[in-house]
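One structure is given here, and the rest of the page talks about it.
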Amino acid sequence: MSYLRRAFCTSASKYCKPLKMSQPPWSQPTGSTHQPQLKIYNSLTRSKVPFVPLQPEHITWYACGPTVYDDAHLGHARNYVTTDIIRRILRDYFHFKVRFVMNITDVDDKIILRGRQRHLYEEYKKNHRYIDERVRQDVRQAWHYYIQKNLKRIGPKTLLTPETFDGVVGHFYGDVLAGGSLEPGTKPGDKEAKVKMHINTARSTAKALLQDPKMLTPHEFYNRVNDPMCLVLDDQFGKSIQGDDYAVFTKLTKEYENRFFQDMHDLNVLDPDDLVRVTENGKEIAEFVKKIADNNMAYRTSDGSVYFDIKAFEAAGYPYARLEPWNRNDKELQADGEGALSQKDERVKRSEADFALWKASKPGEPSWDSQWGPGRPGWHIECSAMASGKLGRQMDIHSGGIDLAFPHHDNELAQSEAFWADGSHRQWVNYFLHMGHLSIQGSKMSKSLKNFTTIREAIHVRKEWTARSLRIIFLLGTWRDGIEITDDMVVEGRNWEDRVDNFFLNAVENIKTAKATNDHGSIMSSALADAEEKVRDALLDSFNTPLAMSTISALINAYNSAKKSDLTADDHRNTGRFVTRLVNIFGLNGSEPADTETIGWKGIDIPEAAKEYVYTLATMRDELRQAAIAKSITPEKVQQIVSTSPGLEEPPPSGRPRPSYARALSQFSKNALEVTAPAESGDLNKQILALCDRVRDVDLWQLDIYLEDRENAPALVRPVTEGLRAVRREREEKALAKEEAKKKREQEALEKLQKGKISPTEMFKPPHSNEYSAWDQDGVPTVAKESGALSANRIKKLKKEWDAQRKAHEKYLAVTQNGSASQS
């Protein structure tokens, strides 16, 4: 029994049964492993197992690519960036030759529906360029139809108008909107998220109908009512689309495929070595299905579809649903795998769990010729056929998001082994890698739930992330576990990036001034060797990047703690190269190779155009600042330091404006000279220090350059990073909070003082109180209007209040009298 079989039976013994075959279904690949200690978590075994490629030093890998009908979101980034990290580690750290194949799903139920709806809506808008009363009536009807179809609690007899929508929704779905679930006793999840999505869509349409038509352009109006109109138009006219009119669908998919790869390039994700598309392999997929049927593991139905026969597959000795056997009878997952447009009549199938390999095309769906008539590929078969076409009967790695494990990958595995069936029972894929989800408020990011932020919006519009900062977050988490981005996680990632930024800046700077190599050995060599070993152990342990990242942090901490005078140039250089090599391997430094001799990553250097001016300014500022700190500044010294600066040169005769960096240098020079003018008074040292602070904190900061002042060393010239911005934001927020707290205390003190304005002799009398009718000589009540004479105990309590007011009044008088005296 192979190690794969043993491990599988150990971790999931209740799913392992004796197999009716002469050989086991999982055969250990022949040949020697390139990295004998490397272990990978394999979804087939649900355990870490040794990685043994089919061919030494070569890896074949198929990855499930995107379904291209909308922009990729951060959930997709989690999958593809994480896959890219593992691919780079195998290629650049372990030095495997990796052949990476990825598919583009450009035909499936969602694409057909979205492409058809988009086409019909574009045609409608062409014919109705202006929003007249007829269009508004169409939208109103579509709105009612959308609500009836998607918000079932709102019955058709409910009086519903755009004006009453919020109240009606609050009545029928208030519990869900408040965070409750549709079914009592269950936790809210994707179903509730989908209801909220439908409510938001209906609300957007209602607001568009309520808004003054003159206040919305046709483009804005049509965008807001998109979903209800698309739903109705497709129901009415979708069947009119011809099966061979592929342009209806490819117009959508080509656009979003291009946008997907733009997003991947923005995230520094490597291109696949081979890219395969469903629309380019229709004939090959049909032939793939035919062979499965010829092997008696598929059957044709009366409508011209072809289904996979799970019972026949298992009777031949193959196990089904190896990845997630506990889900094999999950009807919801099965239905999701079959698609929204698939066969509704379950009676045509021999078994409820059987899945479509080839779907007879209905009116309005694209179709290809086959021996069973016009049809299109099922969802799962595309990957089996195209991966087999590129990589053959076996591959090393198959990857995708964890949601693809069942039914998609389980069905892929079954139909592929049915295709290659020859009695040897060799498994099609040796290692399945499933990436964890990125979650938001407990639900995975999903196009269908519309609870996502697109990659381009996050990076280019909101600018919440960079390719590096997002990749760091993924590296700090285990690749196969889910991630929910929290404030703490964002801070951790930012701190890690800032720590490495500072390390690279200091290492590059220190190499210039460090002493030569110490013949007795480097004091950092032990820490570096320990880090190298820990990183290797971490990556051998199923690509444990969180441990590798923490090891890098620990090494940098050791470097920062070391006495710089004891470090040699080799200490700085070797430590810098090691960290550089790792960040390059992890894809944190653009396309820079792992074996570069350059230390650092992109972003630690200022623009080339700035250097001749900023370094001059920094040098001048250092001299002025050190003299001011030593309280030795004189007008003559300022003149001497500034006089050699090119910043006072006049702009070129051409009239062309000087660079911003040059203007900053010139302005700083002039300001320094101006404070020495006879008309200026005050402490010259303080004035120079104030100028030095301003050019650092305002003038250069606005140019994305920062001067980091260091003790007994020149200021470090560096670009403004997100980490620096965050530190400044936090400092400003703390200062603002402190100021607001001070104002609050002053306001409370003022209110307390104002309470003492009333004399204690008047506090219980009208107009301040109408409760009493008689008082003693001090103004303490003795008789209540309603109940008569007060008890001794009641009078005692009132005297305490009177005494407290007396003290407050005396304080009030003292403050106001002092204030008047000071003003006079």
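Throughout, numbering of the chain's residues begins at 1 and tracks the sequence.
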Between [atom1] on residue [X] and [atom2] on residue [Y], distance to nearest 0.5 Å:
| X | Y | atom1 | atom2 | value |
| --- | --- | --- | --- | --- |
| E722 | D498 | CD | CG | 9.5 Å |
| Y706 | I606 | OH | CD1 | 15.0 Å |
| T782 | Y772 | OG1 | OH | 11.0 Å |
| R729 | L736 | CZ | CG | 14.5 Å |
| Q747 | K742 | CD | NZ | 14.0 Å |
| H460 | E457 | NE2 | CD | 11.5 Å |

Is a salt bridge present between [X] and [Y], judged by a nitrogen-to-oxygen distance below 4.0 Å?
| X | Y | result |
| --- | --- | --- |
| E810 | R806 | yes |
| D704 | R725 | yes |
| K800 | D803 | no |
| K631 | D683 | no |
| E220 | K214 | no |
| D699 | R663 | no |
| D709 | R621 | yes |
| R153 | D175 | yes |

[X] side-chain N/O to [Y] backbone N/O, donor-acceptor pair under 3.5 Å:
| X | Y | answer |
| --- | --- | --- |
| W775 | F764 | yes |
| Q805 | K755 | yes |
| S666 | A662 | no |
| N268 | G590 | yes |
| H76 | H73 | yes |
| N506 | N502 | yes |
| S550 | L547 | yes |
| T816 | Y812 | yes |
| K564 | A562 | yes |
| T205 | W143 | no |

Cation-pi check, [X] onto [Y] ring (under 6.0 Å, within 45° of axis):
| X | Y | result |
| --- | --- | --- |
| R696 | W701 | no |
| K196 | Y173 | no |
| R203 | F165 | no |

Answer yes or no: is there a side-chain heavy-atom contact under 4.5 Å between [X] and [Y]?
| X | Y | value |
| --- | --- | --- |
| I472 | V500 | no |
| L798 | V780 | yes |
| M197 | K194 | yes |
| I795 | P781 | no |
| K757 | Q754 | yes |
| L476 | P546 | no |
| R625 | I688 | no |
| V695 | Q667 | no |

Residue pair L691 / F668: nearest heavy atoms and the distance that separates them
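Scanning both residues completely, I find the closest heavy atoms to be O-CE1, 3.8 Å.
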
Closest approach of G477 and I483, non-hydrogen atoms and distance?
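That would be CA-CD1, 4.5 Å.
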
Any side-chain donor-acceptor pair under 3.5 Å between [X] and [Y]?
| X | Y | result |
| --- | --- | --- |
| S204 | T201 | no |
| W479 | T545 | no |
| T466 | S469 | yes |
| R499 | S553 | yes |
| T161 | E163 | yes |

Within a reach of under 6.0 Å around NZ of K799, are more than 12 heavy atoms found that belong to other residues, nucleotides or ligands?
no

